[in-house]
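Here's the structure we're looking at; comments come further down.
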Amino acid sequence: MQVTPNAFSVLNHPSLDQSGGGRASSDAAVRPAPLVESAELLKGNKTVGIMHNGSLYRLQATKFGKLILTK
């Protein structure tokens with residue numbers, strides 16, 4: 001996967017904040033979240049299983065191009 005430097009600017013969007021609820025302090029170094037294309041996860045399938053903390057989740061692509069994550 002190749003990501004252009006401009007792609008990381010969208011990763012600083014507030015909706016991707018992973019700081020645990022509060023805003024990061026101005027002293028803390030800001031690291032962008034990793035970017036993964038959904039096609040890379042799905043690999044041509046409509047559904048893929050994801051193991052997280054011992055639980056199985058399902059990531060599903062809809063016919064309208066949306067993603068649904070269910071436990």
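Below, each value reflects all heavy atoms present in this structure, side chains not excepted, and no hydrogens, waters or symmetry copies.
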Grab the two heavy atoms, one from [X] and one from [Y], that are nearest each other, plus how far apart they are.
{"X": "V48", "Y": "L41", "value": "CG2-O, 3.8 Å"}
{"X": "S38", "Y": "L67", "value": "CB-CD1, 4.1 Å"}
{"X": "K46", "Y": "L42", "value": "O-CD2, 4.0 Å"}

| CG of L69 to CD of Q60: how many Å apart, nearest 0.5 Å? |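 The distance works out to 10.5 Å.
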| To the nearest 0.5 Å, how far apart are OG1 in T70 and CG in L59? |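 Here the interatomic distance stands at 8.5 Å.
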